[in-house]
Amino acid sequence: MNITDDSLASLWTPLALALGLGLLVGLQREWSAERTAGIRTFPLIALLGALCALLARQQDAAWLLAAGLLASAALLAAGSLIDARSHPDDAGLTTEFAGLVMFAVGALAMDRQFAVALAVSGSLLLLLHSKRRLHALVERVGADELAALMRLALVGLVILPLLPDRSLDPWQVLNPFRIWLMVVLIVGISLLGWLGYRLFGGRAGTLLLGIFGGLISSTATAVSSARQARIQPAAAAGLAAVIVLSSTVVFVRVLLEIGVAAPDAFAALAPPLAAMLLWMLAIGIWSLRGAGHAEPPAPEAPAQLGSAIIFGLMYALVLVLLAWARDRFGEGGLYLTAILSGLTDMDAITLSTAELVRRGQIGADLGWRLILAGGLSNLAFKLGVVALLGHRSLLLRLLPAFATAALGGLGLIWLWPATP
């Protein structure tokens, strides 16, 4: 095959895309006063990648593409060494690696993988242009934040790939890989919520504390707010708003978890739960309007690895209990299991129910009702926590809000029409 076998018209698009993307990245490097490569060098690198990919394809010689990449790396390294000698205090490899990425982008464009080339170039532009913000973010990261990220990496990147992806029980619900995948999801949501508060919400008000508290743990938020109310009764209005808002965010978590655990069943499970979310949101706004100005307690750090393992065991236990209760007692047993499971934790009942719906072992109409029953049970538990640990003023603030929420939830369970 020779170069005339390719239509010139078919070559213009990838070449133009490589040139355009190279110009964009080069413009950013020129704007940042980069000396090694700029507005002219980056388009040339991208074009070289595209031409090397074209020649490699037509000559059936992949080594041409590798040779072009090595030549680009050598030229960029030479430029970097020259620049480092004249500016030893401002040495770095960001531009050099960006040049190699743009070589690959040119090759992707010639391979007509336009979406990938655009996505990579856009991500590269964002990284290059966010230098100051990223460095400022790193300066805010302390030992606690780094340890939290390492825990997430451990559960998601080390443990998960080692687990078998098959069911090990008679009900076909205990799949170690999927169980630990749900642990990764919950640990990720909780840790990212806590990191968000630590990095961006140090002076957060009631609204942000409610949001972050719901992402981390609404039950822990209720406990810490109840303790604060006993010390500072005058802050009861603001603390009640934090609890209501964090309980509202629980239903955001529920929808997110269903979308990840059972995407095929999301359309059937989500509408009534979204209606409950809107109902809770209205109650949260009403509570927020009556909130005081006292500073609510900061969210507590999420669970350590040991607690993540406990959640995995709890999730597996709820899966087995739901499967067993369905076979032994029918729907009544499922509701009892959902209510008991939802008392202290909504994640386990949400994910286990979504898993059973995904497998077709229970219907979507029953599934969302079980999740909502667990949610109402969770509200009742938090109200009991406030009654035991908090001040009477907080309980009086929270009681009408949660009673209104419970009435709405029960109305949805009884009146929402069945899925056709």
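For the single chain, residues carry numbers from 1 onward in sequence order.
- Looking at Phe114 and Pro14, their side chains come closer than 4.5 Å, going by heavy atoms from C-beta outward.
- Side-chain contact between Met276 and Leu376 is present, with heavy atoms from C-beta onward closer than 4.5 Å.
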Side-chain donor-acceptor contacts of residues 390-402 below 3.5 Å, not counting sequence neighbours, with atom names and distances?
| from | atom 1 | to | atom 2 | distance (Å) |
| --- | --- | --- | --- | --- |
| His391 | ND1 | Ser393 | N | 3.1 |
| His391 | ND1 | Ser393 | OG | 2.9 |

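- Residues Pro176 and Arg166 fail the side-chain proximity criterion, which asks for heavy atoms closer than 4.5 Å.
- Using a 4.5 Å heavy-atom threshold, the side chains of Leu277 and Val254 count as separate.
- Summarising the geometry, atom CG belonging to Leu383 is positioned 11.5 Å from atom CG belonging to Asn378; distances are rounded to the nearest 0.5 Å.
- Between Arg369 and Trp416, the closest side-chain pair of non-hydrogen atoms falls below 4.5 Å.
- Note on Arg358 versus Asp264: no salt bridge recorded, every NZ/NE/NH1/NH2 to OD/OE distance being 4.0 Å or above.
- Looking only at side-chain heavy atoms (C-beta outward), Met110 and Arg57 come within less than 4.5 Å of each other.
- No donor-acceptor distance shorter than 3.5 angstrom exists from the side chain of Ser377 to the backbone of Ala373, with no hydrogens or angles considered.
- Side-chain atoms of Ile362 and Leu370, non-hydrogen and from C-beta on, do get closer than 4.5 Å to each other.
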Listed pairs under 3.5 Å, donor-acceptor, residues 234-251 side chains, sequence neighbours left out:
| from | atom 1 | to | atom 2 | distance (Å) |
| --- | --- | --- | --- | --- |
| Ser246 | OG | Val242 | O | 3.2 |
| Ser246 | OG | Ile243 | O | 2.9 |
| Ser247 | OG | Ile243 | O | 2.9 |
| Ser247 | OG | Lys382 | NZ | 2.9 |
| Thr248 | OG1 | Val244 | O | 2.9 |
| Thr248 | OG1 | Met280 | O | 3.3 |

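- Each of Thr353, Val357, Leu334 was scored for a side-chain contact (heavy atoms from CB on, under 4.5 Å) with Leu366, with one residue passing: Leu334.
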